[in-house]
Novice: 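Have a look at the structure that comes next, please.
This structure is a prediction, so every number in the text was calculated from the model and none was measured.
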Protein chains: 2
Amino acid sequence: MPMSKVFDALSHPIRREVLELLKGGGMTAGDIADYFPVSKPTMSGHFAKLKEAGLIQGENRRGSVVYTLNMSTLEEALHTFMGRMGLGRAEGEARPGTKPQGETQ
Amino acid sequence: MPMSKVFDALSHPIRREVLELLKGGGMTAGDIADYFPVSKPTMSGHFAKLKEAGLIQGENRRGSVVYTLNMSTLEEALHTFMGRMGLGRAEGEARPGTKPQGETQ
DNA sequence: ATGCAATTTAGGCATTTAGCTAAATGCCTA
DNA sequence: TAGGCATTTAGCTAAATGCCTAAATTGCAT
């Protein structure tokens, strides 16, 4: 439900890339951090924001933390917002108020 | 292409509501501002961020500024990101790298 | 040229962000 | 229990955000 936090989390390219990386399955904080040219503490801050938005979760695993993607939070935020904007993912959905809107200038 | 700026613009509820309001057609800055419980200068700052992200544009019209939605920027950013995340809007679209995600341990 | 209405800019304040280094904590293994 | 690796917390700086009031701008009409 924290749509603002989700979009805020998505507003940084490193955090978006982390999500893409996690599509392939869980990864440790260290392995993720090695992909990016910033310090590990900085990455830890990015993980915290992603976690706060509900987009990832961390699990302690033998001295490491394995982060995994929470795709449902992402889907829900995106679909809710797109629904409000009339950007449904179906094809012929003529919605009220969706005038083709002639370009200004 | 400024995907970070688009998501950043979407991270504030007032800015998202402005976009929804503009679905119905262009509106003047003043008319939009009247919908929200913040000062007009604050709203002007929100308009500036939306404009910077390419989500709206303003046109001078008889002493007022009429803002209109730029839906294509929104669609492009959202669809590009969803594509990268494997959140295609069709149902059977097996894209490369879009493993159904069974392998999370 | 004056004035009015609409909008933006300027300046200020409190909070947050993104980055860093250095230090602390956790958790295995020997 | 001591060492060592992995991760986070602490503490800092510089810059950005979100909000405000007051002032400047712009455009149209007297």
Novice: Could you give me the CA-CA distance, side-chain angles and deciding distance for A/F7 and B/V6, then say whether side chain to side chain contact (heavy atoms under 4.5 Å, CB included) is met?
Specialist: CA-CA 9 Å; A/F7 283 123; B/V6 169; over 6 Å; no
Novice: State the NZ-OG1 distance between A/K5 and A/T73, to the nearest 0.5 angstrom.
Specialist: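 Going from NZ on A/K5 over to OG1 on A/T73, the span is 13.5 Å.
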Novice: Could you give the side-chain donor-acceptor pairs of residues 81-88 of chain A under 3.5 Å, partners two or more places apart or in another chain?
Specialist:
none

Novice: Check each of B/L74, B/N70, B/L22 against B/L55 using the side chain to side chain contact (heavy atoms under 4.5 Å, CB included) test, and report the only one that passes.
Specialist: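 Filter result, single survivor: B/L74.
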Novice: Examine B/M27 and B/I14 and state if one hydrophobic cluster contains both, with Ile, Leu, Val, Met, Phe, Trp and Tyr joined whenever side-chain heavy atoms are less than 4.5 Å apart.
Specialist: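 Result: yes, single cluster for both.
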Novice: Going by atom type alone, with no hydrogens or angles, which donor-acceptor pairs under 3.5 Å involve a side-chain atom of residues 43-51 of chain B and a protein atom two or more places apart or on another chain?
Specialist:
from  : atom 1 : to    : atom 2 : distance (Å)
B/H46 : ND1    : B/R15 : NH1    : 3.2
B/K49 : NZ     : B/D8  : OD2    : 2.4

Novice: Any chance you could encode DNA chain C as dot-bracket? Rule is Watson-Crick or G-U wobble with both distances under 3.5 Å; [ ] for pairs crossing earlier ones, | for another strand.
Specialist: ||||||||||||||||||||||||||||||
Novice: Looking at every strand, decide which applies to B/Y67 at a 4.0 Å heavy-atom threshold: base, sugar-phosphate, or nothing.
Specialist: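 Result for B/Y67 = sugar-phosphate.
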Novice: Base, backbone or nothing for each nucleotide of nucleotides 21-30 of chain D, written B, S, -, heavy atoms under 4.0 angstrom, 5' to 3'?
Specialist: BB----SS--
Novice: Give the table of side-chain donor-acceptor pairs shorter than 3.5 Å for residues 31-39 of chain B, with sequence neighbours excluded, one pair per line with atom names and distance.
Specialist:
from  : atom 1 : to    : atom 2 : distance (Å)
B/D31 : OD2    : B/T28 : OG1    : 3.4
B/D34 : OD1    : B/K40 : NZ     : 3.3
B/S39 : OG     : B/T42 : N      : 3.3
B/S39 : OG     : B/T42 : OG1    : 3.1

Novice: Which nucleotide span of DNA chain C, 5' end to 3' end, has atoms closer than 4.0 Å to non-hydrogen atoms of chain B?
Specialist: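 Span of nucleotides near chain B: C/dA6 to C/dT9.
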Novice: When you match B/G45 and A/H46 each to their closest nucleotide on DNA chain C, which lands nearer the 5' end?
Specialist: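 Nearer the 5' end of the strand: B/G45.
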